[in-house]
There are 2 protein chains.
Amino acid sequence: MNIGEASNASGVSAKMIRYYEEIGLIRPMGRTGNNYRVYGEEEVHILRFIKRARNLGFSLEETETLLKLWQDKSRESAAVKEVATAHIGDLERRIAEMQGMLKTLKHLANCCGGDNRPNCPILDDLAGDGAADVPIPAGRKKTRQDA
Amino acid sequence: MNIGEASNASGVSAKMIRYYEEIGLIRPMGRTGNNYRVYGEEEVHILRFIKRARNLGFSLEETETLLKLWQDKSRESAAVKEVATAHIGDLERRIAEMQGMLKTLKHLANCCGGDNRPNCPILDDLAGDGAADVPIPAGRKKTRQDA
DNA sequence: TGTGGAGCTTCCCATCATGGGAAGGTCAAG
DNA sequence: CTTGACCTTCCCATGATGGGAAGCTCCACA
């Protein structure tokens with residue numbers, strides 16, 4: 001199987017497959033005489049695992065951890081759960097942060113006429129003319145997944 | 001006022017103030033004889049405006065639009081509301097996406113023993129051994145704010 | 001007057017995950 | 001034998017921010 005077929009079978013772009021190899025997330029693939037990478041079912045399975053982890057918002061670093069745990073048949077499920085739980089916490093924090101923004105924005109948008117007059121409470125708020133509500137920076141971990 | 005004082009007064013780091021100048025978000029500042037940038041109250045006000053827009057999750061590009069609208073005394077509030085509404089929609093999409101991940105993850109974590117045994121439904125799911133629930137990529141706009 | 005430290009300047013690099021695209025080799029079908 | 005679809009490597013861009021080096025200026029204190 002060439003990289004294109006592996007890409008189709010896994011849903012991971014060829015570009016990303018090469019990148020994952022480069023950063024050591026997956027092992028360097030064997031090559032044919034023409035220097036093409038060769039993939040088998042097992043590699044495709046691994047790529048699909050990665051794809052799904054990414055879809056759940058895990059960073060590549062977390063994905064690597066999960067991948068190793070997956071391949072370690074003597075793992076303790078507690079280790080997996082810990083990674084998942086940490087990620088859940090991170091997601092919750094980020095969601096809460098965005099919901100805070102959303103609440104403020106909806107309120108402001110609601111107060112804004114949205115007509116042809118210049119008067120606008122949204123801008124007034126941004127300009128700090130009203131009460132300054134200090135927002136929480138809410139330090140996010142490096143998620144590596146926002147693009 | 002030097003850049004450090006402007007930074008303190010606005011909450012925007014000196015590094016970012018220079019960057020905003022570089023990308024044209026703010027006008028190049030006047031310099032003293034020693035080549036130091038000089039800031040006045042108006043500039044600090046602008047920086048605070050930017051800071052607040054960023055805190056509400058607006059991208060630098062959106063912030064630039066809002067800044068121009070703010071400075072255009074003959075703007076129509078509809079234009080401002082449009083930017084805000086688009087951003088609200090974006091936030092809602094992203095929140096929904098993360099809530100989807102969260103829901104799946106919580107379910108999986110809940111099913112995982114989290115003990116010293118290797119059996120783990122989280123890994124099983126990632127490996128695709130169970131039913132494959134296809135997630136929505138939910139293409140996000142370039143937000144420029146995720147770091 | 002000298003000196004040390006704080007603050008300013010520019011410049012380059014790193015992040016995180018991904019895509020774009022160029023330049024060139026390879027293969028298969030027509 | 002040509003054409004087009006692959007593959008390869010290499011470099012660059014994204015968005016917003018921080019780190020840090022090298023070199024300048026300025027102020028306070030001894």
Side-chain angles (χ1 to χ4, degrees), chain A residues 1-26 28-39 47 50-65 87 90 94 97 137-147, chain B residues 1-26 28-39 47 50-65 87 90 94 97 137-147:
Chain A
M1 206 181 338
N2 283 342
I3 201 169
E5 300 166 81
S7 170
N8 279 337
S10 65
V12 179
S13 75
K15 209 90 181 182
M16 278 302 102
I17 297 178
R18 292 193 201 98
Y19 175 66
Y20 292 162
E21 179 181 319
E22 188 193 328
I23 64 170
L25 182 59
I26 58 180
M29 301 312 301
R31 306 287 183 115
T32 57
N34 51 30
N35 201 31
Y36 287 11
R37 290 172 179 82
V38 196
Y39 299 84
L47 287 171
I50 294 171
K51 181 75 180 175
R52 256 194 81 56
R54 300 282 305 123
N55 280 339
L56 286 176
F58 287 106
S59 69
L60 285 186
E61 202 170 353
E62 290 164 329
T63 300
E64 192 177 6
T65 304
H87 183 43
D90 188 47
R94 288 157 57 190
E97 188 184 350
R140 283 174 40 193
K141 83 174 170 189
K142 295 284 178 190
T143 59
R144 271 173 156 178
Q145 88 199 324
D146 311 296
Chain B
M1 203 180 345
N2 283 342
I3 200 170
E5 300 167 81
S7 170
N8 280 337
S10 65
V12 180
S13 74
K15 209 93 182 180
M16 278 302 102
I17 297 177
R18 292 194 200 98
Y19 175 66
Y20 292 162
E21 179 182 318
E22 189 193 327
I23 63 169
L25 182 59
I26 57 180
M29 301 311 301
R31 306 286 183 115
T32 56
N34 52 29
N35 202 31
Y36 287 11
R37 290 172 180 82
V38 195
Y39 299 85
L47 287 171
I50 294 171
K51 180 77 180 172
R52 257 193 81 56
R54 299 284 304 124
N55 280 339
L56 286 177
F58 287 106
S59 69
L60 285 185
E61 202 171 351
E62 290 165 329
T63 300
E64 191 176 8
T65 304
H87 182 43
D90 188 47
R94 288 158 58 190
E97 188 183 351
R140 284 173 42 193
K141 82 174 168 188
K142 295 283 179 192
T143 60
R144 271 172 157 180
Q145 89 200 322
D146 311 292

Flag side-chain contact, heavy atom, 4.5 Å: B/Tyr39 against B/Glu5:
no

Tell me whether the OP1 or OP2 atom of C/dT18 has a side-chain N or O from A/Arg54 closer than 4.0 Å.
yes

Check the phosphate of C/dT18 against A/Tyr20, side-chain N and O only, distance under 4.0 Å to OP1 or OP2. Yes or no?
yes

Donor-acceptor pair (no angle test) under 3.5 Å: A/Tyr19 side chain, C/dG19 base:
no

Using the rule given for side chain to side chain contact (heavy atoms under 4.5 Å, CB included), can you reason through B/Lys51 versus B/Leu47, listing the C-alpha separation, both sets of side-chain angles and the distance that settles it, and then say yes or no?
CA-CA 6 Å; B/Lys51 180 77 180 172; B/Leu47 287 171; over 6 Å; no

How do B/Arg31 and A/Gly33 order along DNA chain C: which one's closest nucleotide is nearer the 5' end?
B/Arg31

What verdict does the side chain to side chain contact (heavy atoms under 4.5 Å, CB included) test give for B/Ile23 and B/Leu60, after you've listed the backbone C-alpha separation in whole Å, the side-chain angles of each residue and the deciding distance to 0.1 Å?
CA-CA 10 Å; B/Ile23 63 169; B/Leu60 285 185; 3.9 Å; yes

Within this structure, what is the CD-to-P distance between A/Glu22 and D/dC11, rounded to whole angstrom?
11 Å

Let me have DNA chain D in dot-bracket notation, would you? Count Watson-Crick plus G-U wobble pairs, both distances under 3.5 Å, and use [ ] for pairs crossing earlier ones and | for inter-strand partners.
||||||||||||||||||||||||||||||

Does the A/Asn34 side chain pair with the main chain of A/Tyr36, one donor and one acceptor, at a distance under 3.5 Å?
yes

Take atom CE of A/Met16 and atom C1' of D/dT9, then tell me their distance rounded to the nearest Å.
15 Å

Answer whether the closest heavy-atom distance between the side chains of A/Arg37 and A/Arg18 falls below 4.5 Å.
yes

Any non-hydrogen side-chain atom of A/Ile17 less than 4.5 Å from a side-chain atom of A/Glu21?
no

Whole-Å distance, A/Asn34 CG to D/dT8 P, equals 9 Å

Measure from CZ on A/Arg37 to P on C/dG25 and round the result to the nearest Å.
18 Å

Nearest-Å distance, CZ (B/Arg18) to C1' (C/dG7)?
10 Å

Can you find a side chain N or O atom of B/Asn2 that sits less than 4.0 Å from OP1 or OP2 on C/dG7?
no

Rounded to whole Å, NZ of A/Lys15 lies from P of D/dC7 at a distance of 12 Å

Using a cut-off of less than 4.0 Å, is there contact between a side-chain N or O of B/Ser13 and OP1 or OP2 of D/dG18?
yes

Separation of A/Asn35 atom CG from C/dC27 atom C1', in whole Å?
14 Å

If we only count heavy atoms from C-beta on, is the A/Phe58 to A/Thr65 side-chain gap below 4.5 Å?
no

Give the rounded distance in Å between these two atoms: CD1 of B/Ile3 and P of C/dT10.
9 Å

